[in-house]
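Scroll down for the structure; my scribbles are underneath it.
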2 protein chains.
Amino acid sequence: MSVTADATERLIRIGEVARGAGVSVRAVRYYEQQGLLTAERSPSGQRLYRQEAISLVRFFQQMFAAGLTSRRITELLPCWDSGHTDAAQRAMLRVERDRIQARIEDLEAARDRLDEVIAITDTHP
Amino acid sequence: MSVTADATERLIRIGEVARGAGVSVRAVRYYEQQGLLTAERSPSGQRLYRQEAISLVRFFQQMFAAGLTSRRITELLPCWDSGHTDAAQRAMLRVERDRIQARIEDLEAARDRLDEVIAITDTHP
DNA sequence: CTAAAACCTGACGTTAACGTCAGAGGCAAG
DNA sequence: CTTGCCTCTGACGTTAACGTCAGGTTTTAG
């Protein structure tokens, strides 16, 4: 599962990446601008992506949803872009994991709070 | 547990509310501006709050953390401000509860994703 | 009485992840 | 060849919950 380009791989344009991942074309360009995604260019200047880009964008969306910033994601990209990680990166991974876990617990508390209100308003309309 | 003011209740100023709830004074003023919180005024114009305001602000924070907007919170306030709720409000409560639940599941998926990466980078440094 | 601390009302600044618009070029079909 | 869709590069607009600063009044501690 090499990450390096295969000369025979079919390259796709930005619209196909966007549709495939369920985001806007603008978003894909934004990811490139933030250093999350790189693309080759056709002679005329159009961006050309490998298939992998689609799942990568989906992954970005998932991390965004989890509250990570594009900056943080950029810093953590080497962790699965290559097998090479240092201690600092592994530490950052755990920090983010724990941050997500904490947010989950906050949300569960909020949900339980709303459940109480719902129970009261249902019994007591 | 009436919500109406008790003439003998000790009123507090905005700073005490902010410290008590762990937010900024600016935030408390913002909540008033958004219609989340009301205050009496002293003759000189200073805001005076009942003790209840502190737990109310804490509750706002919890709902903000859960992704509710101040607008949504305003719409749902009658659900526990008074015992009087209509069907539309109870429906909104459930919509928000389900939204939170969905976010929890998204975050759990993101957390599990990071756990995988952590496992790999730990075994495979 | 005085100085510090707290409060007041505007009103502009911040941040992140895009949306949206303008103007111009590129590409497959008929 | 031209029609229609896709893509390009700027560059300004959006949103939510405040931060922050200015300039002035009020309350409190000593």
Side-chain angles (χ1 to χ4, degrees), chain A residues 10-49 53-54 56-77 96 99-100 103 106 110, chain B residues 10-49 53-54 56-77 96 99-100 103 106 110:
Chain A
R10 187 177 75 90
L11 298 177
I12 57 184
R13 294 190 300 173
I14 196 170
E16 194 169 344
V17 173
R19 277 192 309 276
V23 304
S24 70
V25 166
R26 175 69 172 93
V28 179
R29 290 202 194 99
Y30 175 75
Y31 301 156
E32 178 175 327
Q33 188 185 341
Q34 298 301 306
L36 292 175
L37 204 56
T38 57
E40 300 176 44
R41 294 299 184 120
S42 77
S44 65
Q46 298 198 343
R47 291 171 179 83
L48 297 177
Y49 299 89
I54 293 178
L56 204 48
V57 168
R58 284 214 186 92
F59 176 71
F60 295 156
Q61 288 290 114
Q62 189 174 30
M63 292 301 114
F64 284 139
L68 301 209
T69 67
S70 55
R71 175 146 185 68
R72 243 325 178 242
I73 300 176
T74 310
E75 293 168 348
L76 295 177
L77 263 184
E96 294 303 332
R99 196 192 308 285
I100 293 173
R103 273 193 59 69
D106 286 349
Chain B
R10 186 177 77 90
L11 298 177
I12 58 183
R13 294 191 300 171
I14 195 170
E16 193 169 344
V17 174
R19 277 191 311 276
V23 304
S24 70
V25 165
R26 175 69 171 93
V28 179
R29 290 202 195 100
Y30 174 76
Y31 300 155
E32 177 174 329
Q33 188 185 339
Q34 299 302 305
L36 292 175
L37 204 56
T38 57
E40 298 176 45
R41 293 299 183 119
S42 78
S44 66
Q46 297 200 345
R47 290 171 179 85
L48 296 177
Y49 299 89
I54 292 179
L56 204 47
V57 168
R58 284 214 187 91
F59 176 70
F60 295 156
Q61 288 290 114
Q62 188 173 31
M63 291 301 114
F64 284 139
L68 300 208
T69 68
S70 55
R71 176 146 185 66
R72 246 319 180 248
I73 300 176
T74 310
E75 293 168 348
L76 296 176
L77 262 184
E96 294 303 331
R99 199 192 305 286
I100 292 173
R103 274 194 57 69
D106 286 348

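Letters go in sequence order (proteins before strands), and every chain restarts at 1. Remember, it's a predicted structure, so these values are computed and weren't measured experimentally. FYI, side chains are in, hydrogens and waters are out, and symmetry mates aren't considered; it's all heavy atoms of this structure.
- Across all non-hydrogen atoms, the minimal contact from B/G15 to B/V25 is CA-CG2, 4.1 Å.
- Applying the side-chain hydrogen bond (donor to acceptor under 3.5 Å, both in side chains) rule to A/S44 yields the partners A/S42; only residues at least two apart in sequence or on another chain are considered.
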For A/R41 and A/Q46: C-alpha separation, side-chain torsions, deciding distance, then whether side-chain hydrogen bond (donor to acceptor under 3.5 Å, both in side chains) applies. CA-CA 5 Å; A/R41 294 299 184 120; A/Q46 298 198 343; over 6 Å; no
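- For the salt bridge (charged side-chain N to carboxylate O under 4.0 Å, His left out) test, residues two or more places apart in sequence or in another chain that qualify with B/E16 are B/R10.
- Proximity of A/E40 to A/R47: side-chain heavy atoms (C-beta onward) are nowhere separated by under 4.5 Å.
- Contact detail for A/A21 and A/V57: the closest heavy-atom pair is CB-CG1, 3.5 Å.
- Here A/Q33 lies out of heavy-atom contact (under 4.0 Å) with every strand.
- Distance, A/L48 CG to D/dC8 P: 9 Å, rounded to whole Å.
- Residue contacts shown for A/S42 are absent, as no nucleic acid heavy atom lies under 4.0 Å away.
- B/F60 comes within contact range of no nucleotide atom at all, as no heavy-atom separation falls under 4.0 Å.
- A 4.5 Å side-chain heavy-atom check between B/I12 and B/I54 finds at least one atom pair inside the cut-off.
- Both B/E32 and A/Q34 sit near DNA chain C, but only B/E32 has its closest nucleotide nearer the 5' end.
- From the 5' end on, the contacts that DNA chain C makes with chain A at under 4.0 Å to a non-hydrogen atom open and close at C/dA17 to C/dC27.
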Only pairs under 3.5 Å count here: list side-chain donor-acceptor contacts from residues 58-68 of chain B, not counting sequence neighbours, and write none if there are none.
from: B/R58; atom 1: NH2; to: B/G20; atom 2: O; distance (Å): 2.6
from: B/Q61; atom 1: OE1; to: B/Y31; atom 2: OH; distance (Å): 2.5
from: B/Q62; atom 1: OE1; to: A/R113; atom 2: NH1; distance (Å): 3.1

Can you name the atoms? Protein N/O to nucleotides 3-7 of chain D N/O, anything below 3.5 Å, with the distance.
from: D/dT7; atom 1: OP1; to: A/G15; atom 2: N; distance (Å): 2.7

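- Residues A/Y49 and A/V28 are in side-chain contact: their nearest non-hydrogen atoms beyond the backbone lie under 4.5 Å apart.
- By the 4.0 Å N-to-carboxylate-O rule, B/R29 lies too far from B/E32 to be salt-bridged with it.
- Ranked by how close their nearest DNA chain C nucleotide is to the 5' end, A/Y30 and A/S44 are led by A/Y30.
- Scanning residues 65-76 of chain A for heavy-atom distances under 4.0 Å to DNA chain C yields A/L68, A/T69, A/S70.
- The side-chain heavy atoms of A/S70 and A/Y30, taken from C-beta on, include a pair separated by under 4.5 Å.
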